[in-house]
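Written out below as structure tokens is the structure these notes cover.
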Amino acid sequence: MVVLENVTASYSMRRGLMGSRSVKVVDGVSLSISENEAVALVGESGSGKTTVGKLSIRLLKPLSGRIFYDGFDVTHLPESRLGKLRRETRMIFQDPYASLNPYMSVGEFVEEPLLVHGVEDKAERTEIVYKALEDVRLMPPQDFAQKYPHMLSGGQRQRVAIARAIVLKPRYLVADEPVSMIDASSRAEVLEVLNTLRKGYRMAILYISHDLATTRYFADRVAVMYLGRIVEMGGIEEILSEPLHPYTQGLIASIPEPDPRNRFVERETIQGELPSPQNIPRGCRFHPRCPKAFDRCRVEDPPLREVRRGRWVACHLY
Ligand code: SF4
């Protein structure tokens, strides 16, 4: 359904008085998401996940590589020819406080995409809006439709953003860190809502997260990103039970575990900081932080290889 083929993206970064410089934030990423499939894209902040999400719905144009939607190459299509893609794909963002319009009621905000895409009958629009609010468990929908963002909790705001995303019944949804900025008590409910919607609306989802633990909720496959590249990809259970790449192993080792006194205990973390995309290390880009690095890692960049059926790893150990 959505295929990214060797895509690269860059941003322009200012360098004080020396002008600006183009920096690659996504470097040769290939990823496919099938109909009804949920793929998790995981990695630390700054690894390029959000950029991949935006590329996958052509909110951004790649510097190189190709993007396919339903088998059609949409890489260079002008905005005027992206109608089907715009109608059938949606993205929800991390910050539920910034993504809502404070001057629009919930009902107006959720209704807006229907107006943009030509649903002219007011009664029909109202019915669709109420159904979407019910589907994200904001009930009674008639009451919620009258409220304004300042009257809602973070979890409720994110569910309003999800309701707006589903009113056009998208076939593909990019959920960018949808629970990272809401309080812990609302997270499970938002994830549960997304999972139920995915099945009910038969949507494909790209679930972007820095937290591998939450992917278990509903992802079929996971792709782990590090500094603009996918370094490991495979089935969710396989990766969680037997991570191969040292970076994935580090992410899993740092998932907090409940201790007998009912507190969550932070475990080991990956050493060091994510390097800037302006200074990508030579050889394997993870080598300065990798506990298993050896001489070859410092000079040779490992390609992403299929080491067993459906399991891809970029590491000289395999
Ligand atoms: Fe670590 Fe070397 Fe594998 Fe890179 S290639 S992840 S540095 S062992």
Side-chain angles (χ1 to χ4, degrees), residues 1-2 33 35-38 53-54 56-59 69-70 74 79-176 178-179 182 186 189-208 217-218:
M1 180 181 181
V2 177
I33 300 118
E35 202 101 18
N36 305 328
E37 190 187 28
K54 288 181 176 172
S56 75
I57 55 172
R58 255 298 313 273
L59 278 184
Y69 182 68
D70 271 352
V74 296
E79 192 59 40
S80 58
R81 293 189 54 205
L82 287 176
K84 177 176 155 70
L85 186 84
R86 292 285 172 258
R87 193 179 168 95
E88 296 183 358
T89 66
R90 288 277 160 217
M91 184 158 182
I92 50 176
F93 297 91
Q94 185 171 16
D95 185 354
Y97 296 91
S99 55
L100 269 59
N101 183 336
Y103 304 107
M104 281 175 118
S105 70
V106 166
E108 288 166 341
F109 182 73
V110 175
E111 183 185 22
E112 196 176 39
L114 297 168
L115 284 164
V116 171
H117 287 274
V119 180
E120 282 170 13
D121 186 79
K122 174 68 184 161
E124 185 188 351
R125 287 200 307 271
T126 304
E127 193 181 322
I128 297 172
V129 167
Y130 286 176
K131 168 82 171 64
L133 291 174
E134 267 176 21
D135 285 346
V136 298
R137 302 181 194 169
L138 292 174
M139 287 185 277
Q142 294 83 348
D143 289 0
F144 272 96
Q146 307 299 320
K147 295 185 191 255
Y148 282 81
H150 71 271
M151 302 159 86
L152 306 173
S153 68
Q156 288 173 335
R157 285 176 188 218
Q158 195 58 295
R159 282 185 278 150
V160 170
I162 297 171
R164 178 180 163 106
I166 59 168
V167 280
L168 289 166
K169 293 204 180 324
R171 291 172 59 219
Y172 172 55
L173 180 72
V174 178
D176 185 8
V179 294
I182 57 181
S186 307
E189 185 162 25
V190 171
L191 287 173
E192 170 89 31
V193 160
L194 274 176
N195 198 19
T196 309
L197 289 173
R198 176 206 161 192
K199 290 173 188 155
Y201 282 62
R202 299 181 61 73
M203 282 186 295
I205 292 190
L206 182 66
Y207 173 71
I208 297 174
Y217 267 99
F218 56 84

Counting distance only, does the side-chain N/O of [X] pair as donor-acceptor with the main-chain N or O of [Y] below 3.5 Å?
| X | Y | result |
| --- | --- | --- |
| Arg87 | Lys169 | no |
| Arg198 | Asn36 | yes |
| Glu37 | Met203 | no |

Between the side chains of Lys131 and Asp135, is the shortest nitrogen-to-carboxylate-oxygen separation below 4.0 Å, so that they form an ion pair?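 Salt bridge present between Asp135 and Lys131.
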Should [X] and [Y] count as side-chain neighbours, where that means a heavy-atom distance under 4.5 Å?
| X | Y | value |
| --- | --- | --- |
| Arg164 | Arg90 | no |
| Val110 | Val160 | yes |
| Gln158 | Ser186 | no |

In Å and rounded to the nearest 0.5 Å, what is the [atom1] to [atom2] distance from [X] to [Y]?
| X | Y | atom1 | atom2 | answer |
| --- | --- | --- | --- | --- |
| Thr89 | Leu82 | OG1 | CG | 9.0 Å |
| Ile57 | Leu206 | CD1 | CG | 9.5 Å |
| Lys54 | Phe93 | NZ | CZ | 5.5 Å |
| Tyr207 | Ile33 | OH | CD1 | 15.5 Å |
| Thr196 | Leu191 | OG1 | CG | 10.5 Å |
| Met104 | Tyr148 | CE | OH | 9.5 Å |

Looking only at heavy atoms, which two atoms of [X] and [Y] are closest? And how far apart?
| X | Y | result |
| --- | --- | --- |
| Met151 | Lys147 | SD-CA, 3.9 Å |
| Ser56 | Val174 | OG-CG2, 3.7 Å |
| Leu194 | Ile205 | O-CD1, 4.2 Å |
| Ile92 | Pro178 | CD1-CB, 4.3 Å |
| Leu173 | Ala165 | CD1-CB, 3.8 Å |
| Tyr201 | Ile166 | OH-CD1, 3.5 Å |

**Request:** For side chain to side chain contact (heavy atoms under 4.5 Å, CB included), just list the numbers for Asp70 and Leu85, CA-CA rounded to whole Å, side-chain angles, deciding distance to a tenth of an Å, and then say yes or no.
**Result:** CA-CA 9 Å; Asp70 271 352; Leu85 186 84; over 6 Å; no
Where at least one partner belongs to residues 149-161, residue pairs that pass salt bridge (charged side-chain N to carboxylate O under 4.0 Å, His left out), sequence neighbours excluded |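 Those involving residues 149-161 are Arg159-Glu189.
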**Q.** Qualifying residue, where the test is side-chain hydrogen bond (donor to acceptor under 3.5 Å, both in side chains) with Arg125 and the options are Glu111, Glu120, Glu112
**A.**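 Exactly one pass, corresponding to Glu111.
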Which residue is it: Glu88, Lys84, Arg58? I am looking for the one with a side-chain hydrogen bond (donor to acceptor under 3.5 Å, both in side chains) to Tyr69.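 Single pass found, and it is Glu88.
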Count the heavy atoms belonging to other residues, nucleotides or ligands that lie under 6.0 Å from CD of Glu134, then report whether that count exceeds 12.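 Yes, the 6.0 Å shell around CD holds more than 12 heavy atoms from other groups.
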For Val179 and Ile182, run side chain to side chain contact (heavy atoms under 4.5 Å, CB included): C-alpha distance rounded to whole Å, both residues' side-chain angles, the deciding distance at 0.1 Å, then the answer. CA-CA 6 Å; Val179 294; Ile182 57 181; 4.1 Å; yes
Check your understanding: Can you check side chain to side chain contact (heavy atoms under 4.5 Å, CB included) on Val119 and Val167, steps first, answer last?
Key -> CA-CA 11 Å; Val119 180; Val167 280; over 6 Å; no
- prompt: Only one of Ile128, Val116, Leu114 forms a side chain to side chain contact (heavy atoms under 4.5 Å, CB included) with Leu168, so which one is it?
  reply: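 Filter result, single survivor: Leu114.
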